[in-house]
Amino acid sequence: MPSPSLFFVIITLALFLSSSITAAAKTGPKKPPPNHPPPPPPPPPNHPRLPRQHGITTTKAPPHPGYLPSSKFKPTSFRKCYRNLWGEGHQKLDPSGLTVWLDRASGSGFKSVKPYRSGYFGTSIKLQSGYTAGVNTAFYLSNSEAHPGNHDEVDIEFLGKTFDEPYTLQTNVYIRGSGDGRIIGREMKFHLWFDPTKNFHHYAIIWNPRELIFLVDDVPIRRYARKSAATFPLRPMWVYGSIWDASAWATDDGKYKADYRYQPFVATYKNFKATGCTAYAPRWCRAATASPYRSGGMTRQQYSAMRWVQRNHMVYNYCWDSSRDRSLTPECRM
């Protein structure tokens, strides 16, 4: 039988342990510091974030378009699909891409070997930072050499900037000479949701007999529908890229010019994609589309992403310009 003193020690220890357990139950688990934010919620189902490789941040990105056309077309080598058009001494081709530059002496341009009557045409571009006012860096479709003075053209153009301003991405469509002589442009302009000088981003044009769709990192930013043969390009076109001095109009309607103290003005192109029906393809050649539908068009998710971009980043729409002669652009009233 234990002694009275040992029995007293056992009883005291049991009471101490019982009181500690009760206090812990009342206090509960330790909370995080008040300035420690909770982890972000996961993305909702069926709405994955845009691919990181495009450089779009999840906080500023448009809604995901759902379908990524660029993933359906394989890249091709520059030498296979393109050739120098002008300014050969202002181009450099290496494994990292094609670098072109503009200085006092010249700019530079390239052209596809084949003409196309429809297709997917894309490239990834990285632009120069700093002062680039007056400089036009372009990726476009045209048949100006085949139809001088009466050509068609579909443009993606980066209009240079002053130090404190963003680049302007201009999309444009010219039909049967509307870009010759008396200019009748169909411009829509955007300030992008990312800095195009930090990383490469993919810019593309989908052209088929029903529509033109302009895409940035697979996000549709503009759809130009065929409403009549008179307002839509239907003749074969080649694919072009160029950098040149457009000081007369590019930056704030020509207010700011190219300043060659900052030369050379440089742009790099890579990840070339040119897939579609060439001018020589059989009539049954299937035209490229922006969606998984064989009939073409865009999905609801793509339309939603496009509306978001136009609502938040479009800075000019020719159809909304009250100073324009609407009779010259009848598609705005259709």
Side-chain angles (χ1 to χ4, degrees), residues 67-86 88 91 93 97-98 100 108-125 138-157 171-180 202-215 218 220 222-226 228-242 269-298:
Y67 182 76
L68 308 179
S70 70
S71 66
K72 306 303 177 182
F73 304 102
K74 295 180 180 180
T76 186
S77 70
F78 177 84
R79 293 187 187 279
K80 181 178 180 180
C81 283
Y82 296 94
R83 62 175 176 83
N84 171 262
L85 183 62
W86 60 284
E88 186 173 6
Q91 288 185 13
L93 182 63
L98 176 75
V100 297
S108 190
F110 58 89
K111 176 185 177 181
S112 65
V113 174
K114 300 176 182 179
Y116 297 84
R117 66 172 188 259
S118 66
Y120 176 96
F121 312 101
T123 185
S124 297
I125 304 174
F139 182 72
Y140 62 104
L141 312 178
S142 177
N143 51 30
S144 60
E145 294 175 273
H147 304 284
N150 186 38
H151 83 288
D152 307 293
E153 186 171 316
V154 180
D155 296 330
I156 291 177
E157 300 172 289
T171 63
N172 204 353
V173 182
Y174 292 119
I175 313 296
R176 293 187 176 271
S178 65
D180 305 291
H202 199 72
Y203 307 93
I205 299 166
I206 292 178
W207 173 40
N208 60 51
R210 297 172 298 277
E211 61 196 356
L212 285 159
I213 297 175
F214 300 82
L215 304 107
D218 283 312
R222 177 183 184 182
R223 177 178 181 267
Y224 181 87
R226 176 181 175 179
S228 73
T231 62
F232 194 82
L234 295 170
R235 298 177 294 181
M237 293 188 281
W238 284 258
V239 190
Y240 293 81
S242 63
Y269 297 72
K270 69 176 186 178
N271 193 23
F272 293 95
K273 297 186 178 185
T275 304
C277 300
T278 70
Y280 321 115
R283 296 186 65 179
W284 46 259
C285 179
R286 199 174 91 183
T289 66
S291 73
Y293 306 142
R294 290 177 64 93
S295 59
M298 296 196 303

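These numbers were taken from a predicted model, which means no experiment stands behind them.
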Mutual orientation of the aromatic rings belonging to F110 and Y269 [parallel < 30°, tilted 30-60°, perpendicular > 60°]:
perpendicular
Parallel, tilted or perpendicular for Y120 and F73, by the 30°/60° rule?
parallel
Any side-chain heavy-atom pair from [X] and [Y] closer than 4.5 angstrom?
X: L215; Y: Y203; value: no
X: N271; Y: T123; value: no
X: K114; Y: C81; value: no
X: I175; Y: R235; value: no
X: D152; Y: M237; value: yes
X: L93; Y: R79; value: yes
X: L212; Y: I205; value: yes
X: K270; Y: F78; value: no

Quick one: pull up [atom1] in [X] and [atom2] in [Y] and give me the separation to the nearest 0.5 Å.
X: R176; Y: E153; atom1: CZ; atom2: CD; value: 15.0 Å
X: Q91; Y: N84; atom1: CD; atom2: CG; value: 4.0 Å
X: C285; Y: Y280; atom1: SG; atom2: OH; value: 14.0 Å
X: S112; Y: L141; atom1: OG; atom2: CG; value: 8.5 Å
X: F272; Y: L98; atom1: CZ; atom2: CG; value: 5.0 Å
X: R117; Y: N208; atom1: CZ; atom2: CG; value: 12.0 Å

Under 6.0 Å between the ring centres of F121 and F139?
no
In sequence, state the C-alpha distance, the side-chain angles, and the governing distance for T289 and M298, and then conclude on side-chain contact (heavy atoms from CB on, under 4.5 Å).
CA-CA 8 Å; T289 66; M298 296 196 303; over 6 Å; no
Test item: side-chain donor near acceptor, H202 and S70, under 3.5 Å:
no
Of all residues at least two apart in sequence or in a different chain, which pass the salt bridge (charged side-chain N to carboxylate O under 4.0 Å, His left out) check with E145?
K111
Check the pair R210, F232 against side-chain contact (heavy atoms from CB on, under 4.5 Å), reporting the backbone distance first and the verdict last.
CA-CA 9 Å; R210 297 172 298 277; F232 194 82; over 6 Å; no
Holding to side-chain contact (heavy atoms from CB on, under 4.5 Å), I want the full list of residues that pass it with S71, two or more places apart in sequence or in another chain.
L68
With sequence neighbours excluded, residues passing side-chain contact (heavy atoms from CB on, under 4.5 Å) with A138
N136, Y140, E157, S242
Could you pull out the closest heavy-atom pair between [X] and [Y], with the gap in Å?
X: R286; Y: C277; answer: O-SG, 3.6 Å
X: W238; Y: A146; answer: CZ3-CB, 3.9 Å
X: K74; Y: K273; answer: O-CG, 3.9 Å
X: G149; Y: D180; answer: C-OD2, 3.3 Å
X: R226; Y: P209; answer: CD-O, 2.9 Å
X: F214; Y: D155; answer: CE2-O, 3.4 Å

Between the side chain of W207 and the main-chain N/O of V154, is any donor-acceptor distance below 3.5 Å?
no
From CA spacing to verdict: side-chain contact (heavy atoms from CB on, under 4.5 Å), S108, E88
CA-CA 7 Å; S108 190; E88 186 173 6; over 6 Å; no
